[in-house]
Every structure is written in C-alpha cells, then in structure tokens.
Amino acid sequence: MQIGYKLASEAFGPDELVRQAVLAEQAGFDFVEMSDHYHPWLDVQGHSPFTWTVFGVIAAKTERIGLATGVTCPTVRYHPAIIAQAAATLALVSGGRFTLGVGAGERLNEHVVGVGFPNSVPERHARLREALEIIRLLWSGGYRSYHGQYLHLDDARVFDLPERLPLIAVASSGPLSARIAAELGDGLFATEPKGGIVDAYRSAGGDGPRYAEVPMAWAPDEETAAQAALKTSRWAVGGWKVMSELPNPANFEAATTTVTQSDMLAKFACGPDPARYVEVAQPFVDAGYDRLVMQNTGPDPDGFIDFYQRELDQRLRALTPSGHREG
C-alpha cells in the first residue's frame with residue numbers, strides 16, 4: 001500500500017502547491033498527485049495554475065517523493081505529442097519519479113480551445129486510445145507518424161527520453177475505460193470505490209498499480225470540516241457523469257445548490273476522528289486499490305498533514321480487504 005497527497009491545483013496557487021509538496025515529502029507520503037485543469041470546479045476555489053510548470057519546481061525542490069498527474073487529458077486541449085514530450089522531460093528532471101495519469105477529460109477544461117469536446121463517450125474513449133498509441137509510439141524513439149480516425153502525428157520525434165519511461169495510469173469509470181487501462185496503460189486510476197472497475201481491469205490483463213482518491217476534510221471539529229468541504233468541494237457529490245459534462249464553474253455552482261452538509265458528511269471523512277478516515281478509505285481497499293490518495297478539502301492543509309503523520313499513516317498502511325465491496 002502506498003499513500004499519496006492530493007495537491008488541489010483548483011484551490012491553491014503555484015507557490016503554495018510547491019510548499020505543500022515539500023511538506024508532504026517530509027511527512028512521509030509516497031507521492032503527490034495533482035490535477036491538470038484549466039478552470040477550477042467552482043469560482044470560490046479561485047485557482048488553476050499550469051500543472052506541468054508547478055511539477056517542474058516540485059521536482060527541483062524534493063528528493064524522494066513521487067509525482068503523478070491526476071489526470072491529464074491528451075486529446076483536445078493538448079495533443080498527445082506534447083504530453084509525450086512533457087512527460088518524458090518531467091521524468092528526466094525528477095530522476096524517474098513521475099507517473100503520467102491520463103483520462104478522457106472533462107468539458108470544464110477541454111472546451112476552452114474552441115475545437116469542441118466530444119458529446120459521445122465512445123468517441124472520447126476512442127480518442128484516448130489513439131492518444132496513448134501516439135505517446136507509446138513516440139516513446140519508442142525515432143521519427144514517427146500516425147494517422148488515426150481522430151488524431152494524427154506527422155514525422156515527430158521526442159529527442160530527450162529517459163532510460164526508464166514513466167508509468168501511465170489510465171483513469172477509468174467503467175469497464176470500457178478499464179480495458180483501455182489494461183491494454184495501453186501500466187496502471188489504473190479511479191475516484192470511486194467500485195470493485196467492478198478493478199475486476200474489469202484485471203479481466204483485461206491489467207496487473208499494475210491502482211490509484212484512487214479518498215475524499216476527506218480535516219479540521220479540529222467535524223462541523224468546520226464539513227462546511228469547508230461543502231463550500232469548495234460539493235461538485236464531487238454528483239459523480240463522474242456530471243463532473244465530465246458541465247463546461248464552467250458557474251454551471252457547477254448551479255448544479256450543486258441542493259447539496260447539503262449532510263451529503264458531504266456521508267461521502268467525506270470530516271473532522272478529527274481517525275476512525276472515520278479509516279472507514280471512508282476501507283471501501284477503496286476492498287475494491288482492490290493499492291495507491292490511496294488523500295484528497296483533503298479542509299481549510300488547513302498544514303493541520304491535515306500533521307494529523308496524517310500522527311494519526312493516519314500507519315492506520316492506512318495497515319488496511320487489508322475486509323471481504324465487503326461495492327459493485
């Protein structure tokens with residue numbers, strides 16, 4: 001079991017994200033994971049720096065901790081050739097500590113370049129498959145061309161390749177994307193404790209690391225934590241089908257007006273009780289995930305990191321499947 005710390009690029013500016021990554025390394029986290037957004041989910045979050053620049057600084061200011069995108073969409077806002085180059089470079093400057101997390105994307109971030117975000121989920125998956133084929137092709141060295149249904153590559157070469165290529169973890173929300181993860185990725189990434197996703201991944205031959213984000217909000221008392229989660233993270237309650245479709249923070253604001261503090265308490269571990277954090281993490285372990293990402297949405301990141309180091313680290317690392325799992 002490895003434990004990661006989520007760097008909330010929607011909630012903090014670049015300098016603060018770097019500072020938190022350094023603290024996370026000192027606290028014993030195995031890796032940090034950062035989303036790759038153009039917009040925050042809600043305007044109140046107030047940030048969205050360029051993830052690749054921030055990770056370059058983190059690589060320079062840390063020594064041990066792993067780095068992972070959680071996740072990048074290499075099909076619309078970025079061409080996969082750019083991501084192949086960026087990931088290879090980050091792997092080099094981090095000394096091989098980088099994992100490339102990729103997914104089919106959200107309209108929130110991808111529509112901004114004005115070429116349209118596919119309405120069809122099968123098309124999004126087809127684009128992701130082509131993007132991964134292009135990245136793999138470029139990472140094999142030499143000048144390469146590719147002509148897919150949606151994506152193309154014309155006589156391109158990534159000159160600076162690491163001896164050990166980054167692992168690719170593919171975000172999955174169901175069996176089709178889990179199959180892509182097994183066939184073209186090295187690992188799996190998910191946000192819900194659904195055992196069926198891991199089952200589909202394994203059935204398709206996947207045997208790599210399996211990442212999952214565990215929702216939590218630390219504060220000295222439960223109510224303060226839940227209020228903070230409601231203010232900044234109520235977008236998460238709607239699930240992936242909502243998260244992937246809405247185009248702007250204003251839409252997420254409108255779509256979440258009925259979310260209550262009770263909804264956040266039901267989904268998130270809130271407050272100072274370590275037993276509740278273990279309770280929320282357990283279903284992810286039962287579902288087959290072995291890389292747990294602490295997604296803290298509380299108001300005090302330093303307090304959470306201290307709480308994790310004192311109260312959670314050993315408890316979470318000791319978790320084993322209980323025999324109960326969601327579908």
Begin with the C-alpha distance, continue with both residues' side-chain angles, and end with the deciding distance and a verdict on side chain to side chain donor-acceptor pair (under 3.5 Å) for Ser177 and Arg124.
CA-CA 10 Å; Ser177 46; Arg124 295 176 200 174; over 6 Å; no

Under the side chain to side chain donor-acceptor pair (under 3.5 Å) criterion, do Thr69 and Asp36 qualify, and how do the steps go?
CA-CA 7 Å; Thr69 47; Asp36 185 357; over 6 Å; no

Can Ile135 and Ile83 be said to form a side chain to side chain contact (heavy atoms under 4.5 Å, CB included), step by step?
CA-CA 7 Å; Ile135 291 169; Ile83 298 303; 4.2 Å; yes

Please test Val102 against Tyr78 for side chain to side chain contact (heavy atoms under 4.5 Å, CB included), starting from the C-alpha separation and ending with a verdict.
CA-CA 11 Å; Val102 298; Tyr78 303 122; over 6 Å; no

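A side-chain donor-acceptor contact under 3.5 Å links Arg234 and Thr256. For the residue pair Tyr5 and Glu33, no side-chain donor N or O sits within less than 3.5 Å of a side-chain acceptor on the partner. Counting only N and O atoms by type, the side chains of Thr297 and Thr232 include no donor and acceptor under 3.5 Å apart.
Taking both residues in full, the closest heavy atoms of Thr75 and Ala131 are given as CG2-CB, 3.8 Å, listed atom of the first, atom of the second, then distance. The heavy-atom pair separating Leu161 from Ala88 by the smallest distance is CD2-CB, 4.1 Å. Among all heavy-atom pairs drawn from Ile65 and Val32, the shortest one is CD1-CG1, 3.7 Å. Nearest heavy atoms, Gly70 versus Glu213: O-OE2, 4.1 Å. In terms of heavy-atom proximity, Ile134 sits nearest to Ala81 at CG2-N, 4.3 Å. Between Pro249 and Asp43 the shortest heavy-atom distance is CB-OD1, 3.5 Å.
Between Glu279 and Arg276, at least one side-chain N (NZ, or NE/NH1/NH2) sits under 4.0 Å from a carboxylate O, which counts as a salt bridge. In summary, Arg97 and Asp30 do not engage in a salt bridge, as defined by a charged side-chain N under 4.0 Å from a carboxylate O. Ion pairing of Glu16 with Arg19 is present here, as a side-chain N (NZ or NE/NH1/NH2) and a carboxylate O approach within less than 4.0 Å. Between Arg129 and Glu183 there is a salt bridge, since a side-chain N of the basic residue sits under 4.0 Å from a carboxylate O of the acidic one. For Lys194 and Asp199, the salt-bridge test fails: no basic side-chain N is under 4.0 Å from an acidic carboxylate O.
A side-chain hydrogen bond (donor to acceptor under 3.5 Å, both in side chains) with Asp313 holds for exactly one of Arg317, Arg310, Gln309; it is Arg317. With Glu25 as the fixed residue, the side-chain contact (heavy atoms from CB on, under 4.5 Å) test singles out one of Gln20, Lys61, Glu63: Glu63.
Between Cys270 and Trp218 the shortest side-chain heavy-atom distance does not fall below 4.5 Å. Using a 4.5 Å heavy-atom cutoff, the side chains of Arg179 and Tyr201 are not in contact. Side-chain contact between Val54 and Pro49: present, with at least one pair of heavy atoms (C-beta onward) separated by less than 4.5 Å. Side-chain atoms of Val280 and Met216, non-hydrogen and from C-beta on, never get closer than 4.5 Å to each other. For the pair Pro274/Phe307, a side-chain contact is recorded, criterion being any heavy-atom separation below 4.5 Å from C-beta on. Using a 4.5 Å heavy-atom cutoff, the side chains of Arg107 and Asn119 are in contact. Side-chain contact between Val285 and Thr320 is absent, with no heavy-atom pair separated by less than 4.5 Å.
Between Phe55 and Phe98, the ring planes are perpendicular. Angles over 60° get that label, and only those under 30° would be called parallel.
Counting non-hydrogen atoms of neighbouring residues, nucleotides and ligands closer than 6.0 angstrom, the CG atom of Asp302 exceeds 12 such neighbours. Taking a 6.0 Å sphere around OH of Tyr38, one finds it holds 12 or fewer heavy atoms contributed by other residues, nucleotides or ligands. The environment of NZ in Lys267 is crowded: more than 12 heavy-atom neighbours from other residues, nucleotides or ligands sit within 6.0 Å.
Within the 6.0 Å centre-distance limit, the rings of Phe252 and Trp41 are counted as a close aromatic pair. Between Phe29 and Tyr308, the ring centre distance stays below 6.0 Å.
Residues forming a ring pair (Phe, Tyr, Trp, His ring centres under 6.0 Å) with Phe31 (at least two apart in sequence, or on another chain): Tyr211. Taking the side-chain hydrogen bond (donor to acceptor under 3.5 Å, both in side chains) definition, one finds that Asp300 meets it with nothing, sequence neighbours left out.
Although no hydrogens or angles enter the test, the distance criterion places a donor-acceptor pair under 3.5 Å between the side chain of Asp186 and the main chain of Ile168. Panel note: side chain Ser9, backbone Ser48; no donor-acceptor pair is recorded below 3.5 Å.
In the hydrophobic cluster analysis, where Ile, Leu, Val, Met, Phe, Trp and Tyr join through side-chain heavy atoms closer than 4.5 angstrom, Ile180 is grouped together with Leu137.
By the 6.0 Å and 45° rule, Arg157 stacks over the aromatic ring of Tyr143.
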